[in-house]
Every structure is written in structure tokens, then in C-alpha cells.
Amino acid sequence: MIPLSFAQRRLWFLHQLEGPSPTYNIPTALRISGKLDRDALDAALGDVVERHESLRTLFAAAADTAHQVVQDVGARPRLTVVGTCEDEVGDRLAEATGFAFDLTADLPIRATLFDLGADEHVLLLLVHHVAGDGWSQPLLVRDLLTAYAARGAGQEPQWEPLPVQYADYTLWQREVLGAEDDPDSLISRQLRYWSTALAGLPEELNLPVDRTRPTVPSYRGDTVTFSVPADVHTRLAELARARQVSVFMVVQAALAVLLSRLGAGADIPIGTPIAGRTDEGLRDLIGLFVN
């Protein structure tokens, strides 16, 4: 049996705790203008899912854990076509994005084509986070477009074979990190280190917020965008060079100072996602590597 990666275990735990939920869906919407070959698009979807095993993997429970069940190369998502109009497509996209995957029965990818008429379409590719991450999104689009161009010309896509699949990465990860019940394994040593390093951190930062934290998580959030003026960026880069650190480290330090000034104290935990693709063989692979 192929075990879950440690990142997949986190999502599997939440899936078991909360049941099927759209919280960890990753949507990618593509606007397509002009004549569309639906047969070629459908075949291209099959090509991409055949290329990336992570997109045709189900998850089966066994005792107190779970394992990956890779489906054969014939498994593919069904291209669902929905007729709509320009005024309604936003609501239809939101509705389709809210699909709740059953990880034990549903392939972790869905494809919905919204037909707006007059050779205008919007293609929604919906991937559950257990099978992909932010880095995977442009890979999915790139491979789909490559396959679509080939199928439109009556050919199969001619791409370089992937050096590894996600299951290979999972087995390698287990081999390197070892077992959690082995006190001498790398993962056990890492857990002890971080348990000590993060001991005593507050469960919640004492910040002046404009609303109370809900009893039950809503998973609703927002993004605030802003621009850093060129002169400020120049000074940040100069400071980073003078201190022999990255600009990212300077900005993170500034964020910590800001939170502290707002009342969060002197020990500020800041989480930073990393791509997790430390091996060249993983760069073109769709899968959950982010940490």
C-alpha cells in the first residue's frame, strides 16, 4: 500500500473530522474566446490525468490511517458543459467551486465548461488540495494547453516523461524522515526540536481586531493588496544587503515589529509557506508539496 504524504495526512485528518467540504478546493478559471473543439478538450483532460497520477488517486481508510489508491490510466474526469450567460457566469462559477469532494470516491479534479454562446466559454478546473498546490496550477494549465493543441491537430501530446510520480515522492519522504514511533528517526528529532522551539507561544495573538473570533471557523477570509513604492523598495534592498539577509527577511521583521507595536507581545509566530520542491524532478509534477 502507498501511504499518504505527511501533507496529505493533514488534509485527510480534516476530511475525516469535517466531512467533504469545499474549504480546500483550488479553482482555476480560463476564459476561452473563439472556436472551441470540445472533443479535443475532453481528450486533453484525459491526457493530463493520465500524465499525473495525483489527479487520479483516491484515498482509502485502513485501521487508523489511510493509503493512496492510484486509478488506472483510463480514469478521467467528465467534462461537464453548462449553458449560461455573461451576467450569470460568476454565480455559476461560485456554485461549481463549492463542490465537496469525497476523497474516497471522487477523483480530486473536476472540469466544468460554461458555454456563454457566440464562441465564448469559461473553463473551470477544480482540484482538491490533497492532489495539488499553488505551484501545480500553472503546470495544470500548461499541460492541458499542450495536450489540447496536440489533440486539435489529431495527434497525442509529445511531452517528456515525468521522472517521478507523487507516489514515488511519498515513499522517498517516508524513507528519509522515518517513523514517528522511532525516537531516533529524523522526523522524531525534528518534532522534538520544534516542540521545544515553539513552546509557550500564545494560541491567539492579542491584536485590536474589529470583530470577535467565531466559535466555529467560517473559513472566510479576504486579501488586501497594496503596492510598495519604488523608493521604499530600494531602501529595503539596501538594508537587506547591508545586513546580508534577503528582502523577504527584512519585510518579515517589519511585520513582526508592527504586530508587536499593535499589542501582540514580543514573541510573534509568523507562518510562511514554502513550495517544498527541493528536488529538480518535482518541478513539473502536479501534487501537494507545499509546507
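As the structure is a prediction and not an experimental result, all values here were calculated from the model. We're numbering straight along the sequence, starting at 1.
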TODO: Give a yes/no verdict on a cation-pi contact between Arg174 and Phe6, requiring under 6.0 Å between NZ or CZ and the six-membered ring centre and an angle within 45° of the axis.
DONE: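 Cation-pi check for Arg174 and Phe6: passes.
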
Evaluate the side-chain proximity of [Y] to [X]: yes if any heavy-atom separation is below 4.5 Å, no if none is.
{"X": "Phe114", "Y": "His121", "result": "no"}
{"X": "Asp47", "Y": "Trp159", "result": "yes"}
{"X": "Glu156", "Y": "Arg151", "result": "yes"}
{"X": "Arg277", "Y": "Ser136", "result": "yes"}
{"X": "Asp168", "Y": "Gln165", "result": "yes"}
{"X": "Thr112", "Y": "Leu126", "result": "no"}
{"X": "Asp143", "Y": "His52", "result": "yes"}
{"X": "Ile274", "Y": "Val290", "result": "no"}

TODO: Name all residues meeting the salt bridge (charged side-chain N to carboxylate O under 4.0 Å, His left out) criterion together with Arg142; count only those two or more places apart in sequence or in a different chain, and write none if there are none.
DONE: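 Residues passing salt bridge (charged side-chain N to carboxylate O under 4.0 Å, His left out) with Arg142: Asp284.
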
Task: Partner set under salt bridge (charged side-chain N to carboxylate O under 4.0 Å, His left out) for Glu175, not counting sequence neighbours - done: none

[X] atom [atom1]: more than 12 heavy-atom contacts under 6.0 Å:
{"X": "Arg243", "atom1": "CZ", "answer": "no"}
{"X": "Gln16", "atom1": "CD", "answer": "yes"}
{"X": "Arg235", "atom1": "CZ", "answer": "no"}

Measure the spacing between [atom1] of [X] and [atom2] of [Y] and express it to the nearest 0.5 Å.
{"X": "Leu4", "Y": "Phe13", "atom1": "CG", "atom2": "CZ", "value": "14.0 Å"}
{"X": "Tyr166", "Y": "Ile286", "atom1": "OH", "atom2": "CD1", "value": "13.0 Å"}
{"X": "Arg51", "Y": "Leu162", "atom1": "CZ", "atom2": "CG", "value": "4.0 Å"}
{"X": "Asp267", "Y": "Leu205", "atom1": "CG", "atom2": "CG", "value": "9.5 Å"}
{"X": "Leu113", "Y": "Thr80", "atom1": "CG", "atom2": "OG1", "value": "9.5 Å"}
{"X": "Gln8", "Y": "His15", "atom1": "CD", "atom2": "NE2", "value": "12.5 Å"}

TODO: Could you check Glu204 against Arg213 for side chain to side chain contact (heavy atoms under 4.5 Å, CB included), going step by step and ending with a plain yes or no?
DONE: CA-CA 10 Å; Glu204 181 180 345; Arg213 184 182 296 271; 3.3 Å; yes

If every non-hydrogen atom of [X] is compared with every non-hydrogen atom of [Y], which pair is closest and at what distance?
{"X": "Ser21", "Y": "Ala100", "value": "N-CB, 3.7 Å"}
{"X": "Leu282", "Y": "Gly276", "value": "CD1-O, 4.4 Å"}
{"X": "Pro22", "Y": "Thr97", "value": "CB-O, 4.1 Å"}
{"X": "Val69", "Y": "Ala60", "value": "CG2-CB, 3.9 Å"}
{"X": "Ser188", "Y": "Pro183", "value": "CB-O, 3.7 Å"}
{"X": "Pro157", "Y": "Ala147", "value": "CB-CA, 4.0 Å"}

TODO: Start with the C-alpha gap between Val176 and Leu186, add the side-chain angles, then the distance that decides, and say whether side chain to side chain contact (heavy atoms under 4.5 Å, CB included) holds.
DONE: CA-CA 7 Å; Val176 170; Leu186 177 58; 4.2 Å; yes

Could you tell me whether the side chain of [X] and the main chain of [Y] form a donor-acceptor pair under 3.5 Å?
{"X": "Asp37", "Y": "Asp39", "result": "yes"}
{"X": "Gln68", "Y": "Pro3", "result": "yes"}
{"X": "Ser5", "Y": "Thr170", "result": "no"}
{"X": "Ser260", "Y": "Gly265", "result": "yes"}
{"X": "Trp135", "Y": "Arg283", "result": "yes"}

- [ ] Using a strict 4.0 Å threshold on nitrogen-to-oxygen distance, state whether Asp184 and Arg189 make a salt bridge.
- [x] no

- [ ] Run the salt-bridge test on Arg31 and Glu120 with the 4.0 Å N-O cut-off and return the result as yes or no.
- [x] yes

Open item on the list: Let me check something: do Leu124 and Leu144 share a hydrophobic cluster, defined by ILVMFWY side-chain heavy atoms less than 4.5 Å apart, either directly or through other members?
Closed with: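 Looking at the clustering, Leu144 is in a separate group from Leu124.
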
Open item on the list: Does either side chain, that of Ser54 or that of Thr57, offer a donor lying less than 3.5 Å from an acceptor on the other one?
Closed with: no

Task: Residues in ring-ring contact (aromatic ring centres under 6.0 Å, His included) contact with His128, at least two apart in sequence or another chain - done: Phe101

